[in-house]
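For ligands, and for the atoms within them, numbers begin at 1 and follow the listed sequence. Scope of the values below: all heavy atoms of this structure, side chains included, with no hydrogens, waters or symmetry mates.
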Amino acid sequence: MKVLVLNCGSSSIKYKLYNMDDESVLAQGGVERIGIDNAFIKVKLPNGEKKQIMADLPTHKEGVSLVFQCLLDPEFGAIKSLDEIDAVGHRIVQGGDKFNKSVILTKQVEEGIEELCDLAPVHNAGYLKGIRAVDALMPTTPQVCVFDNAFHSTMPDYAYLYAVPYELYEKYHVRRYGFHGTSHRYVSKRVCEILGLEVNNSKIITCHIGNGASVAAVLNGKVIDTSMGLTPLAGLMMGTRCGDIDPSAVTYLMEKLGKKPQEMADYLNKKSGVVGITGISSDMRDIENAASEGNERAQLALKMYDYRIKKYIGAYAAALGGVDAIVFTAGVGENQTGTREKACEGLEFLGIKIDVAKNATIRGEEAIISTPESKVKVVVVPTDEEIVIARDTKELVEKVK
Ligand SMILES: Nc1ncnc2c1ncn2[C@@H]1O[C@H](COP(=O)(O)OP(=O)(O)O)[C@@H](O)[C@H]1O
Ligand SMILES: CC(=O)OP(=O)(O)O
Ligand SMILES: [Mg+2]
């Protein structure tokens with residue numbers, strides 16, 4: 001069975017085509033800068049080289065068409081006809097309390113995702129465009145939706161409820177949902193394999209630190225708490241998002257700046273976080289470069305960013321009643337050695353000790369970066385959301401065949 005996985009962001013589409021008989025990757029790449037200038041697709045060729053093609057991509061529809069064109073390209077494509085694709089799996093960020101497990105796409109599911117757009121303003125609209133673009137090109141191929149919040153649905157009520165009048169939860173479903181669940185699910189299981197831990201007897205803190213970033217406390221394979229909330233705005237400081245903030249600061253600023261709710265949400269989602277503090281960039285590579293050149297705001301942003309990860313590690317060590325392993329994953333977690341070092345610095349009293357020299361050499365590969373004496377193992381595990389989506393897609397599609 002061939003399964004195509006699409007991870008549509010607000011301005012990007014990542015894709016992987018799998019042969020699910022042996023889980024080999026037949027094609028992969030990504031479209032970037034949809035809706036703005038200089039849009040392009042980057043395709044990884046079978047020999048490992050990357051090919052970049054510039055294109056005019058006003059919407060996701062053109063982006064998805066370009067992905068299909070590349071898959072079908074007579075020279076470097078992986079398939080001869082779209083009929084060869086048996087199913088398409090999508091990453092969807094917000095399933096709210098409507099969806100807490102993967103489902104086959106139907107008209108009803110599509111409507112459900114649309115209704116949840118307000119609760120994932122940066123994400124859900126992009127996915128819908130992806131789904132509709134696939135529908136237009138291959139209307140009879142089954143599509144599966146895999147939700148970021150699903151893995152977090154095991155949180156107890158005292159962890160997911162906000163301390164607002166209970167009827168607001170009942171009426172408006174206002175609660176902590178949590179996101180990046182597909183990634184937390186993959187790395188929390190994988191780290192048990194690496195360390196020889198039993199999933200059913202494990203205490204893991206998973207730190208997914210990418211452009212969006214979240215931490216999860218995973219007890220015996222089940223999430224008991226996570227840093228993101230009703231939307232992916234809560235918790236850690238992120239590339240463009242503020243993370244945890246006193247709600248009074250929000251209402252106070254709305255008054256001062258004369259901003260409407262949607263404008264304020266945009267401010268906190270897109271203009272805050274690392275880019276807001278530095279005024280330089282949301283990309284942590286740019287921030288590390290600026291900090292090493294002596295830029296004080298970049299240095300401050302890094303301190304804030306790393307400190308907040310450390311606070312969550314401490315909090316979740318308490319929530320779990322101890323820790324076997326801490327995992328770092330996603331763009332920053334896999335590559336930014338300084339962030340890993342600083343987030344764990346001073347936590348020796350919890351049994352956490354990083355091997356600083358080894359940590360500095362690890363980028364984008366599985367590795368244990370704690371010292372041999374460290375009671376808590378600290379591990380880098382590159383995430384693989386796509387394979388989890390592909391496996392769920394295969395399982396669901398085979399069930400209804
Ligand atoms: N090689 C690298 N070295 C340092 N940082 C990196 C590297 N690759 C990616 N990053 C960081 O990871 C971030 C993107 O992470 P990613 O997990 O791809 O995010 P998202 O999926 O949310 O777009 C970038 O903003 C960048 O700061
Ligand atoms: C939920 C979320 O923040 O996703 P991403 O990291 O892809 O922006
Ligand atoms: Mg991501």
Side-chain angles (χ1 to χ4, degrees), residues 5-16 30-34 42 90-96 116 119-127 130 146-152 176-187 206-216 226-243 268-270 272-275 278 280-292 298 301-302 305-306 328-341 359-365 380-386 388-389:
V5 174
L6 289 179
N7 185 343
C8 294
S10 43
S11 68
S12 68
I13 305 168
K14 290 181 197 158
Y15 71 93
K16 269 191 191 175
V31 178
E32 291 180 45
R33 301 178 67 86
I34 294 171
K42 213 184 251 176
H90 295 268
R91 173 195 178 210
I92 310 287
V93 161
Q94 179 60 284
L116 290 161
L119 299 184
V122 186
H123 297 94
N124 269 28
Y127 303 134
V146 178
F147 297 92
D148 254 33
N149 58 301
F151 186 55
H152 300 295
R176 179 187 305 284
Y177 290 105
F179 304 97
H180 296 133
T182 309
S183 175
H184 290 291
R185 174 174 150 198
Y186 174 81
V187 299
T206 46
C207 307
H208 175 109
I209 319 290
N211 184 38
S214 66
V215 187
T226 190
S227 61
M228 282 182 165
L230 175 72
T231 76
L233 182 56
L236 299 174
M237 175 173 168
M238 300 173 229
T240 62
R241 293 172 235 165
C242 62
L268 300 173
N269 271 295
K270 298 180 184 161
S272 299
V274 173
V275 74
T278 60
I280 298 172
S281 165
S282 59
D283 191 304
M284 291 300 277
R285 286 166 286 204
D286 300 338
I287 303 308
E288 274 219 325
N289 289 339
S292 64
L302 280 179
Y305 191 90
D306 302 342
F328 284 97
T329 194
V332 179
E334 289 165 27
N335 297 294
Q336 207 97 2
T337 63
T339 286
R340 294 194 301 246
E341 183 188 330
N359 174 51
T361 65
I362 302 299
R363 284 194 174 78
E365 57 177 312
V380 177
V381 182
T383 195
D384 195 344
E385 292 158 291
E386 285 80 12
V388 178
I389 296 170

Between ligand 2 and H180, is the shortest N or O to N or O distance under 3.5 Å?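 It does: an N or O of H180 is found under 3.5 Å from an N or O of ligand 2.
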
Where do R340 and I362 land on the side-chain contact (heavy atoms from CB on, under 4.5 Å) test, with the steps shown first? CA-CA 11 Å; R340 294 194 301 246; I362 302 299; 3.8 Å; yes

For R91, state whether at least one heavy atom is located under 4.0 Å from any atom of ligand 2.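 Judged by the 4.0 Å heavy-atom criterion, R91 does count as contacting ligand 2.
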
Strictly under 4.0 Å, does any heavy atom of M238 approach an atom of ligand 2?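 Outside the 4.0 Å threshold, so no.
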
ring-ring contact (aromatic ring centres under 6.0 Å, His included) with F147: which residues, sequence neighbours excluded?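 With sequence neighbours excluded, F147 shows a ring-ring contact (aromatic ring centres under 6.0 Å, His included) to F99, given in chain and number order.
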
H90: what forms a ring-ring contact (aromatic ring centres under 6.0 Å, His included) with it, not counting sequence neighbours?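 Here no residue qualifies.
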
Short question: side chain of T231, backbone of A120 - any donor-acceptor pair under 3.5 Å?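 Side chain of T231 to backbone of A120: no pair is present.
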
Please could you name the atoms of ligand 2 that [X] approaches to less than 4.0 Å, counting only its heavy atoms?
{"X": "M228", "answer": "3 (O)"}
{"X": "F179", "answer": "1 (C)"}
{"X": "G212", "answer": "3 (O), 6 (O)"}

Atom 3 (O) of ligand 2: the protein heavy-atom neighbour that sits closest, reported with distance to 0.1 Å: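 For atom 3 (O) of ligand 2, the nearest protein heavy atom comes out as R241 NH1, 2.8 Å.
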
Name the orientation class of the two ring planes belonging to H180 and H208 (parallel below 30°, tilted from 30 to 60°, perpendicular beyond 60°).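 Because their plane-to-plane angle is under 30°, the rings of H180 and H208 count as parallel.
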
Of all heavy-atom pairs between L119 and P232, which one has the smallest distance, and what is that distance?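 Scanning both residues completely, I find the closest heavy atoms to be O-CD, 3.9 Å.
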
Name all residues meeting the side chain to side chain contact (heavy atoms under 4.5 Å, CB included) criterion together with A290; count only those two or more places apart in sequence or in a different chain, and write none if there are none.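 So A290 forms a side chain to side chain contact (heavy atoms under 4.5 Å, CB included) with I280, N295, A298.
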
Under 4.0 Å from ligand 1 - residues by heavy atom, chain and number: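 Residue list for ligand 1: K14, G210, N211, G212, D283, M284, R285, A330, G331, V332, N335, Q336.
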
E385: which of R91, K14, K16 passes side chain to side chain contact (heavy atoms under 4.5 Å, CB included):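 Going through the options one by one, the only one that passes is R91.
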
Begin from the C-alpha positions of C8 and I13 and carry the test side-chain contact (heavy atoms from CB on, under 4.5 Å) through to its verdict. CA-CA 4 Å; C8 294; I13 305 168; 4.0 Å; yes

